[in-house]
Amino acid sequence: MTTTPDFLVIAIDGGAASGKSTTARKLAEELDLMHVDTGSYYRSLTAAILEKGINPDDSRLESFLDSASLSTRIGNRSGTLLLEGVSFPQEVLRSEKVNANVSSFAALPMVRKKLFDYQRNQVLVAQENGFSGLVMEGRDIGSVIFPDARVRVFLHADPAVRSSRRAAQGENDAIEARDKTDSTRATAPLTCPDGATSIDTGSSTVEEVVELISQLVQSRQTP
Ligand code: C5P
């Protein structure tokens, strides 16, 4: 992977319904960057694994991951993970079944390993598609995937605010249970990495959060 010093990476981490996607999409639009939602990558792998009837402790998981071929399609400046050239529809990725299982698969080192290089390679994909940078959102972007990102932020909000966001989206999602699994796993746990800027999205509008992150980007421009 080749990164030039002027290629901008913005890492956005946070728990479920912390406002990552809304913020990341708007930021990418305003700064003309590629947007990558790594949660959707874990959701896609989970949907494919569930479709094959494989459990987290199933011996077939390793061979499935070894043989799965991953590629990217860009639409509306967002990258979509393709498995064997095919993507899952949003209603599958955001289904109750995927919501209930994604954190168990995401806790497995072999699943994270499968996505590690792929996520880092999105820099190349962005460059090949003419973007000068990317906004990547997830749980371990600022801690593990791009610890040297120019800007790293950690979004959080009161649990009641987050639950009401999910309810408004009409999704059945046990967000506190997912956060617990995500933040207590041994590999790449959900955490606010040292040096990241922590932002409460419950007490600010999306515009204010985007403005704050844009200011961080400006203050860290390369000369
Ligand atoms: O962001 P979203 O809620 O769609 O993520 C779904 C799940 O994917 C998370 O609960 C977490 O288990 C996993 N995930 C992760 N690391 C990332 C992004 C998502 O473990 N970088």
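Ligands are counted one by one from 1 in listed order, and the atoms in each one are counted from 1 as well. We number each residue from 1, following the sequence as shown. The structure displayed is predicted, hence computed values, not measured ones.
Partners of Phe116 by side chain to side chain contact (heavy atoms under 4.5 Å, CB included), not counting sequence neighbours, listed by chain and number: Arg120, Val144, Ile145. In this structure Glu30 satisfies the side chain to side chain contact (heavy atoms under 4.5 Å, CB included) test together with Lys26, Val210, sequence neighbours excluded.
Within a 6.0 Å radius of CG in Asp194, other residues, nucleotides and ligands contribute 12 heavy atoms or fewer.
Between Val98 and Leu93 there is no side-chain heavy-atom pair separated by less than 4.5 Å.
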Query - side chain to side chain donor-acceptor pair (under 3.5 Å) between Arg150 and Gln221, worked out - result: CA-CA 8 Å; Arg150 198 173 321 156; Gln221 293 288 17; 3.2 Å; yes
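Leu190 forms part of a hydrophobic cluster together with Phe154, judged by ILVMFWY side-chain heavy-atom separations under 4.5 Å.
Within 4.0 Å of ligand 1, the residues that place a heavy atom are Lys20, Thr38, Gly39, Tyr42, Arg43, Arg94, Val102, Ser103, Ala106, Arg112, Gly138, Arg139, Asp140, Ile141, Arg178, Asp182, Arg185, listed by chain and number.
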